[in-house]
Amino acid sequence: MGDPSKLSALIALGSNLGDKQRTLDLACEQIAAIAEIRGFRASSWLKTQPIGGPSNQDVFLNGAATFTTSLTPLELFRFLKDTEQQLGRQDKERWGPRLIDIDLLLYSDEILEDSANDLLVPHPRMAFRRFVLAPAAEVAPSMRHPVIGWSISQLLDHLDDSLPAIAFALGDPNRANRLAADVAGQTGARRLSSDQWQDAPWADPLIACVLYDGEAVSHVDSQIPRLLVVSRQSPQMPRCPFLEVGELSHAQAVTEIAAAIAAMRQ
């Protein structure tokens, strides 16, 4: 156990079934009530459209909360999952309707990957999800993403101030081209090749761009895209929100990138 005055946590909460606000309020009450958590502060609730999953879902209420804790990351993660179960969550399909969803976004400045317990910190998709960042900025605007190095406020501002582009830096030109083409076709975005990057007409809708590894660093340093799609995070990667697709099939990667675009457009 650590010193609860120094170990800060940030969580996201969401619901789109039943009495959403009542469920979210109950979740906050249960989390704030335990002795190992102090200084609990929740955001307001934000209505958002569902991302990915079935099209006939109701709107979500989403929010965020921050607190200090003496629980370890794994202890906190398990407590949050137990809280979901106590409130009636039943997992049926990914991105499907749910009574309650509680995600551990940040734990101090820790970077953790515990595949045996399905625990990843920072949350791998938090940096480009507006429905996560907007409420999180209410309660923890200066808390930093330990991989990207930006604060929550900077990440949120990036969704409005950055070039409306998805840049692909995969090290495999054929895969990058196929992904860019299929993502553009599914989302209505334009597709550009790497040699069009500098002179692109930057306007929404988001543009699916192809960048190869040798060009990505020099181009992205001067023109930071909204999202960088990579095979896997690397030290040479420019600092900006990113999505790893290295272990995904083509169809899975297209689905993930399309969902990321929808989450940025909320």
Side-chain angles (χ1 to χ4, degrees), residues 1-2 7-14 27 31 36-37 51-53 62 64-67 69-87 89-96 98-129 131-133 136 140 143-150 152 155 168-172 175-176 179 213 227-260 263:
M1 298 290 183
L7 298 177
S8 298
L10 177 65
I11 63 173
L13 306 96
I31 295 168
E36 295 89 350
I37 284 176
I51 298 299
N62 284 295
T66 186
F67 48 84
T69 184
S70 58
L71 296 173
T72 66
L74 182 56
E75 288 171 340
L76 176 58
F77 177 75
R78 287 175 170 168
F79 169 66
L80 297 176
K81 297 299 113 180
D82 288 344
T83 301
E84 288 181 337
Q85 296 301 312
Q86 291 169 17
L87 290 170
R89 172 163 176 164
Q90 296 180 351
D91 289 315
K92 295 182 179 179
E93 61 182 312
R94 190 183 184 206
W95 295 338
R98 65 208 56 193
L99 190 66
I100 183 69
D101 188 20
I102 309 173
D103 288 325
L104 177 57
L105 302 177
L106 297 174
Y107 183 95
S108 191
D109 58 356
E110 295 287 332
I111 301 172
L112 304 168
E113 184 171 355
D114 183 350
S115 56
N117 291 288
D118 199 26
L119 171 61
L120 289 174
V121 178
H123 188 284
R125 289 172 292 280
M126 66 166 290
F128 50 79
R129 286 180 165 177
F131 67 85
V132 170
L133 295 173
M143 199 168 184
R144 292 196 170 271
H145 190 293
V147 176
I148 300 172
W150 296 359
I152 297 295
L155 289 168
F168 293 77
L170 300 174
D172 180 345
R175 189 182 189 206
L179 280 177
D213 281 355
L227 181 68
L228 186 65
V229 178
V230 297
S231 291
R232 189 162 181 82
Q233 176 195 346
S234 71
Q236 293 75 34
M237 191 175 72
R239 287 202 169 190
C240 66
F242 64 91
L243 176 64
E244 293 183 346
V245 299
E247 297 182 1
L248 302 181
S249 70
H250 179 78
Q252 289 172 329
V254 170
T255 298
E256 285 282 350
I257 299 165

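Computation of the quantities below employed the complete heavy-atom set of this structure, encompassing side-chain atoms and omitting hydrogens, waters and symmetry-equivalent molecules.
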Next item on the list: Check the pair Leu71 / Phe77 against side chain to side chain contact (heavy atoms under 4.5 Å, CB included), numbers first and verdict last.
Entry: CA-CA 9 Å; Leu71 296 173; Phe77 177 75; over 6 Å; no
CD1 of Ile11 to OG1 of Thr66, rounded to nearest 0.5 Å, is 8.5 Å
Residue set satisfying ring pair (Phe, Tyr, Trp, His ring centres under 6.0 Å) with Phe67, at least two apart, ordered chain then number -> Phe40
Q) Given side chains that start at C-beta, do those of Leu248 and Thr255 come closer than 4.5 Å, heavy atoms only? A) no
Would you sort out whether Gln252 and Glu247 count as a side chain to side chain contact (heavy atoms under 4.5 Å, CB included), showing the intermediate values? CA-CA 9 Å; Gln252 289 172 329; Glu247 297 182 1; over 6 Å; no
Side chain to side chain contact (heavy atoms under 4.5 Å, CB included) between Arg78 and Asn117: does it pass, once the steps are laid out? CA-CA 9 Å; Arg78 287 175 170 168; Asn117 291 288; 2.9 Å; yes
Correct closest heavy-atom pair for Ala127 and Ile148 would be CB-CD1, 3.6 Å
Gly149 and Arg144 have their tightest heavy-atom pair at O-NH1, 2.7 Å
Taking every heavy atom of Leu13 against every heavy atom of Ala27, the minimum-distance pair comes out as CD2-CB, 3.9 Å
**Message:** Show, in sequence, the C-alpha distance, side-chain angles and deciding distance for Leu80 and Ile31, and conclude whether the side chain to side chain contact (heavy atoms under 4.5 Å, CB included) test is met.
**Reply:** CA-CA 8 Å; Leu80 297 176; Ile31 295 168; 3.8 Å; yes
Interatomic distance, CG@Asp103 vs CZ@Arg129, rounded to 0.5 Å, equals 7.5 Å
Looking only at heavy atoms, the pair that brings Leu155 and His145 closest together is CD1-CB, 4.1 Å
Separation between CG (Leu112) and CG (Leu104), nearest 0.5 Å, reads 8.5 Å
The side-chain hydrogen bond (donor to acceptor under 3.5 Å, both in side chains) partners of Asp101 (sequence neighbours excluded) come to Arg89, Arg98
The reported gap from CG in Leu99 to CD in Glu84 (rounded to nearest 0.5 angstrom) is 10.0 Å
What one should report as the nearest heavy-atom pair of Trp150 and Cys240 is CH2-CA, 3.9 Å
Between the CZ atom in Arg175 and the CG atom in Leu170, the distance rounded to the nearest 0.5 Å is 6.0 Å
Output for pair (Met126 CE, Leu10 CG), nearest 0.5 Å, gives 6.0 Å
Gln233 and Glu244 have their tightest heavy-atom pair at N-OE2, 2.9 Å
Checklist entry - When you measure from the side chain of Ser8 to the backbone N and O of Ser108, does any donor-acceptor pair fall under 3.5 Å? => result no
